[in-house]
Amino acid sequence: MKRDLPKIYEPQKVEDGIYKRWEESGCFNPDNLEGDPYSIMMPPPNVTGVLHLGHALENSLMDLMARFQRMQGKKVLLLPGTDHAAVATQAKVEKILIKKGIEHPREELGREKLLEEIRKFAENSKSTILKQIRKMGTSCDWSRLAYTFDEKRSRAVNEVFVRMFNDGLIYRGYRVVNWSVKGQSTCSDDELEYKERTTKLYTFRYAKDFPIPIATTRPETKLGDTAVAVNPNDKRYKKFIGQTFTAEVGAAKPLEIKIIADENVDINFGTGAVGVTPAHSAIDFEMYEKQKSLGNPIKLIPVIDEQGKMNQNAGKYAGLPAEVAREKFVAWLKENDLLEKEEEITHSVGMSDRFGDVVEALPMTQWFVDVNKKIPDKEKSLKELMRDAVAIGHGEDSAQKITITPDRFVKTYFNWIENLRDWCISRQIWWGHRIPVWYKNEKIYCAPQAPQEEGWEQDTDTLDTWFSSGLWTFSTLGWPDKEWEKEKLFHPTNWMQMGHEILFFWMARMILMSTYAIDQIPFKDVYIHGILRDEKGQKFSKSLGNTLDPIAIIEKYGADSLRLSLVAGVSPGNDSRFYEEKVESSRNFVNKLWNIARYVLISYPADKHELNTENLLPSDVWILQKFSSLIKNISNDIKNFQLSQAAEKLREFTWSEFADWYLEIAKFEENKDVKNWILNNILEDLMRMWHPFIPFVTETIWNESGKKTMLIAEKWPSSDKYEIKAEKPKHENYLEYFEFVRETIVAIRNIRIENKLDLKKKLTVVIRLKTDSNPLLKEVFEHEKEIIKKLRTGVGELTIEISDDIIEDAYHFPISDGNLYVLRAGLVDVEKEKARVEKEIANIEKFVAGLKSRLENNDFVSKAPKNVIDQQKESLAKKEAELVELKKHLSSLK
RNA sequence: GGGUGAUUAGCUCAGUUGGCUAGAGCACUUCUCUUACAAAGAAGGGGUCACUGGUUCGAGUCCAGUAUCACCCACCA
């Protein structure tokens with residue numbers, strides 16, 4: 001049967017069709033699958049735009065694992081979804097609208113119209129993203145598609161909010177928060193991006209008679225100072241602690257500065273004193289709270305408003321933008337001779353990562369999640385829940401313990417938890433889950449719906465987007481609706497992969513939400529991947545203009561090539577560089593695989609016979625052995641999340657062993673029935689193992705091989721099938737013999753090329769076996785003679801001798817244990833051969849010397865494990881034998 | 001200031017509990033259009049595993065320190 005398959009694999013022609021067939025097969029939906037549940041929740045991409053390479057990486061990883069587990073016989077759920085990404089999306093749409101000429105989108109459009117614009121944008125980018133996920137080949141269950149802002153997820157959000165409110169974990173408080181003037185909204189600590197800036201550090205006194213100078217980079221906020229903190233052990237200032245000074249600096253009222261003690265003040269830094277501005281610094285606000293709890297309160301005077309301008313408390317500075325007020329205040333300080341020093345320093349300032357402006361610290365009434373308060377009935381705080389889940393297991397149950405790969409991130413996580421403050425969850429933007437709290441006069445009511453009576457108004461704020469994405473692992477499964485009962489078998493989810501940059505944003509919040517709301521960890525294993533960088537090691541970013549569109553890459557090279565290049569050559573947790581050459585290399589491999597299959601399918605039409613072990617030749621035993629251990633290796637690697645290693649091993653076997661050696665030898669060896677069985681079976685099982693990595697080409701090959709089933713639904717191969725029962729003792733040695741044959745062939749090829757021998761001309765070769773060599777070896781070589789001749793060696797005549805004599809005027813290549821030589825009579829370039837052999841001898845001598853000294857070392861012999869010693873002894877014996885032969889040979893060269 | 005990671009071939013990177021003479025891809029050299037594949041095949045060259053000490057019979061691997069780079073956290077008032 002002659003088949004017609006194109007020489008070059010063309011992914012563009014098949015990928016969409018295959019994806020459709022997979023979808024129709026029902027394999028994406030775990031309801032159609034048997035086995036233990038296995039679930040992965042897709043980290044929902046933000047609906048702010050299109051899929052980028054990072055998403056492509058994540059899809060590759062998740063789909064790899066999903067397909068692998070499905071082939072392991074699991075009931076696999078890979079649940080897709082998208083994130084409404086509150087601030088990010090609104091900021092993005094507002095930017096677009098501003099470009100279109102709507103300068104103040106919120107005022108000009110109003111809440112409903114602006115929300116409509118955002119919704120349109122979100123829906124649009126959502127559908128693009130979902131299409132792109134399909135392009136990647138991701139085998140997710142579209143019937144369970146979720147969105148953080150859809151009705152079901154909104155119910156979950158409200159449910160958790162109300163519960164936390166009732167448990168007293170969510171509170172409304174007047175505290176200093178991060179405020180983006182540009183975005184007119186709060187942001188959480190984690191949403192800040194710190195950037196280095198040079199600014200001036202001013203050292204001054206509030207008044208001539210004020211005893212302590214202080215330093216600041218924000219003089220204008222000093223109009224709201226209410227205290228100066230000094231170290232209680234500071235001899236200079238100790239005497240002032242407890243006193244209050246007044247100073248007239250132009251604020252609405254004279255400043256009343258209380259000198260307070262604080263251990264954290266560094267005596268040696270700056271002036272050793274800190275001007276405390278409780279209203280405009282998170283740290284100072286903490287001091288304010290501390291003083292309050294100590295019964296020695298200080299005042300809190302805001303001087304900057306939500307527009308970033310000075311307010312009435314700032315007296316003569318009121319109404320000025322902060323920067324202008326700063327200059328004016330500094331000028332005033334100079335005039336009054338209060339400024340002692342002015343120096344340039346660099347320090348980092350927090351910028352809103354979405355709106356891009358420097359955030360202002362302002363005291364405001366906002367909603368917070370209290371992370372330190374004990375949860376009723378639990379005796380633990382949210383912070384403790386978050387720590388337990390990773391440290392000892394939720395509820396001290398080791399089965400409810402999260403493992404993180406690589407484990408160094410555990411430390412990072414704990415460190416973050418230690419420093420965690422209450423989480424500000426209210427945002428003043430409109431795109432997001434509205435806070436389920438209702439007000440009427442002084443009354444407050446917390447529930448998804450307003451009370452029946454008239455006059456209740458809902459809070460206008462929305463929730464931080466991470467509040468809803470924190471629920472993702474279980475809100476996607478229908479919680480708190482009835483559906484959950486049916487779906488909760490998928491929770492805790494099994495595997496979660498994410499970039500290390502969202503460890504705190506997301507992983508931490510999922511743990512918080514899940515352990516609190518449903519008393520389960522959200523996932524068992526977390527796999528942290530690095531971020532992708534360009535070939536120069538820079539992050540991909542729009543502003544650098546170095547972004548790559550994964551879809552364009554797929555169109556050029558195919559999804560498989562992209563996936564393979566993203567998964568191979570990376571290790572967990574580490575960043576990796578991405579560039580087109582990597583995709584090219586993967587494309588070349590995919591095409592190689594295609595051609596391997598093409599050759600096998602065309603030349604070895606499968607039939608159903610069993611493997612005839614009587615007819616096994618060394619090459620067969622060799623490849624079967626290699627393959628059966630490969631199967632075990634790959635399974636283990638994937639189970640240990642060593643995905644890149646698995647890909648490399650597969651590639652090595654496929655290309656260097658199966659294609660380069662076995663396939664070539666199969667062309668000449670006579671036991672066609674065995675060859676047929678092995679080629680077809682290994683090809684088939686190789687497709688299974690490659691499938692999670694490169695699903696499209698493997699499915700295509702599977703289909704071309706005439707299989708009725710789909711590869712996606714096939715089982716992972718078992719190594720048992722390839723294990724040769726040792727009924728024939730010679731098979732054990734076959735493995736070794738085949739290595740001899742390989743070495744012989746390489747040696748002959750080397751002779752030709754290194755000596756520039758005419759490749760067309762036939763070569764006469766003598767293989768000399770030593771007299772004491774295994775008689776089977778001769779048999780093998782007699783048998784392999786024809787193969788050696790044919791396998792691109794150009795050998796015309798090959799004889800095998802058994803003797804100990806050196807043949808003069810020949811090339812000598814000791815093989816493996818020193819008892820086998822490849823020789824070629826005549827035509828020797830003596831000088832060249834001498835040089836080569838001398839180099840080789842020097843090499844071996846060095847190695848042998850090392851081995852000897854080790855083996856003569858009593859410490860080594862007495863302390864090293866036996867197998868290591870044996871290994872080295874064996875190796876020494878071999879190399880010494882080689883050395884003897886090579887030296888003999890060298891002396892024969894004249 | 002605290003922490004983490006990286007440093008291995010020209011480039012990009014593997015190297016799982018320490019154990020034969022340290023690997024891959026790309027690039028390079030030479031040869032080959034040999035009927036599966038030139039997006040290929042064959043044979044090669046190329047490394048003091050950043051540095052200095054230590055532990056050990058044995059260190060790329062473990063420990064300490066140093067240097068350079070990258071990142072994270074805190075933030076200097």
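Every chain is numbered from 1 and lettered A, B, ... according to where its sequence line falls, protein lines coming before strand lines.
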Would you call [X] and [Y] a salt bridge, using N to O less than 4.0 angstrom?
{"X": "A/Arg218", "Y": "A/Glu220", "result": "yes"}
{"X": "A/Arg421", "Y": "A/Glu286", "result": "yes"}
{"X": "A/Lys760", "Y": "A/Asp758", "result": "no"}
{"X": "A/Lys649", "Y": "A/Asp637", "result": "yes"}
{"X": "A/Arg598", "Y": "A/Glu704", "result": "no"}

Describe the nucleic acid contact of [X] in one word from base, sugar-phosphate, nothing, applying a heavy-atom distance below 4.0 Å.
{"X": "A/Ile214", "result": "nothing"}
{"X": "A/Lys7", "result": "sugar-phosphate"}
{"X": "A/Arg218", "result": "nothing"}
{"X": "A/Gln645", "result": "base"}
{"X": "A/Lys846", "result": "nothing"}
{"X": "A/Thr271", "result": "nothing"}
{"X": "A/Leu503", "result": "nothing"}
{"X": "A/Phe409", "result": "nothing"}
{"X": "A/Ala659", "result": "base"}
{"X": "A/Val590", "result": "nothing"}

Provide the distance between the two [atom1] atoms, one in [N] and one in [M], to the nearest whole Å.
{"N": "B/rG54", "M": "B/rG47", "atom1": "P", "result": "27 Å"}
{"N": "B/rC51", "M": "B/rU56", "atom1": "P", "result": "23 Å"}
{"N": "B/rA22", "M": "B/rG58", "atom1": "C1'", "result": "16 Å"}
{"N": "B/rC49", "M": "B/rG60", "atom1": "P", "result": "7 Å"}
{"N": "B/rG25", "M": "B/rC63", "atom1": "C1'", "result": "34 Å"}
{"N": "B/rG44", "M": "B/rA6", "atom1": "P", "result": "34 Å"}
{"N": "B/rG53", "M": "B/rC71", "atom1": "P", "result": "32 Å"}
{"N": "B/rA64", "M": "B/rA24", "atom1": "C1'", "result": "33 Å"}

Comparing A/Gln871 and A/Glu754 on RNA chain B - which has the more 5′ nearest nucleotide: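 Its nearest nucleotide lies further toward 5', so the answer is A/Gln871.
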
Contact nearer the 5' end of RNA chain B, comparing A/Asn595 with A/Pro572: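 The residue closer to the strand's 5' end, by nearest nucleotide, is A/Pro572.
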
N/O donor-acceptor pair under 3.5 Å between A/Asp407 side chain and A/Thr403 backbone: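 Not confirmed, A/Asp407 side chain does not pair with A/Thr403 backbone.
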
Nearest whole Å is fine: how far is [N] [atom2] from [X] [atom1]?
{"X": "A/Glu535", "N": "B/rC13", "atom1": "CD", "atom2": "P", "result": "11 Å"}
{"X": "A/Glu648", "N": "B/rG25", "atom1": "CD", "atom2": "P", "result": "9 Å"}
{"X": "A/Ile283", "N": "B/rC73", "atom1": "CD1", "atom2": "C1'", "result": "13 Å"}
{"X": "A/Lys649", "N": "B/rA14", "atom1": "NZ", "atom2": "C1'", "result": "11 Å"}
{"X": "A/Arg854", "N": "B/rG58", "atom1": "CZ", "atom2": "C1'", "result": "7 Å"}
{"X": "A/Asn640", "N": "B/rU17", "atom1": "CG", "atom2": "P", "result": "12 Å"}
{"X": "A/Asp189", "N": "B/rA74", "atom1": "CG", "atom2": "C1'", "result": "11 Å"}
{"X": "A/Lys866", "N": "B/rG58", "atom1": "NZ", "atom2": "P", "result": "22 Å"}

A/Trp416 ring center near A/Phe409 ring center (under 6.0 Å):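 Ring centres of A/Phe409 and A/Trp416 not closer than 6.0 Å.
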
Nearest listed nucleotide, side chain of [X], among [options]:
{"X": "A/Arg421", "options": "B/rA74, B/rG25, B/rC57", "value": "B/rA74"}
{"X": "A/Asn750", "options": "B/rG3, B/rA77, B/rA43", "value": "B/rA43"}
{"X": "A/Thr217", "options": "B/rA36, B/rU12, B/rA77", "value": "B/rA77"}
{"X": "A/Lys582", "options": "B/rU12, B/rA74, B/rC37", "value": "B/rU12"}
{"X": "A/Ile345", "options": "B/rC57, B/rA77, B/rC20", "value": "B/rA77"}
{"X": "A/Arg408", "options": "B/rG15, B/rG5, B/rA42", "value": "B/rG5"}
{"X": "A/Phe847", "options": "B/rC20, B/rC73, B/rA77", "value": "B/rC20"}
{"X": "A/Lys667", "options": "B/rC57, B/rU30, B/rA36", "value": "B/rA36"}
{"X": "A/Lys760", "options": "B/rA43, B/rA40, B/rC33", "value": "B/rC33"}
{"X": "A/Asp660", "options": "B/rA77, B/rC73, B/rG41", "value": "B/rG41"}

Taking donor-acceptor contacts at under 3.5 Å, does the side chain of [X] reach the base of [N]?
{"X": "A/Lys879", "N": "B/rU21", "answer": "yes"}
{"X": "A/Lys592", "N": "B/rC37", "answer": "yes"}
{"X": "A/Arg587", "N": "B/rA39", "answer": "yes"}
{"X": "A/Glu664", "N": "B/rA36", "answer": "yes"}

Under 4.0 Å between a side-chain N or O of [X] and OP1 or OP2 of [N]?
{"X": "A/Arg749", "N": "B/rA42", "answer": "no"}
{"X": "A/His500", "N": "B/rC72", "answer": "no"}
{"X": "A/Ser585", "N": "B/rG25", "answer": "no"}
{"X": "A/Trp655", "N": "B/rG41", "answer": "yes"}
{"X": "A/Asn574", "N": "B/rA14", "answer": "yes"}
{"X": "A/Lys411", "N": "B/rU4", "answer": "yes"}
{"X": "A/Arg792", "N": "B/rU34", "answer": "no"}
{"X": "A/Arg577", "N": "B/rC13", "answer": "yes"}

Least distance between heavy atoms, A/Glu193 atom then A/Asp353 atom: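 In terms of heavy atoms, the two residues are closest at OE1-CB, 3.6 Å.
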
Cation-pi, A/Tyr579 ring and A/Lys582 (6.0 angstrom, 45 degrees):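 A/Lys582 over A/Tyr579 ring: yes.
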
Cationic tip of A/Lys667 above A/Tyr599 ring, under 6.0 Å, 45° of axis: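 The answer is yes; both the distance and angle limits are met.
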
Aromatic stack A/Phe860/B/rC57: centroid gap under 5.5 Å, interplanar angle under 30°: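 According to the criterion (under 5.5 Å, under 30°), no, A/Phe860 does not stack.
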
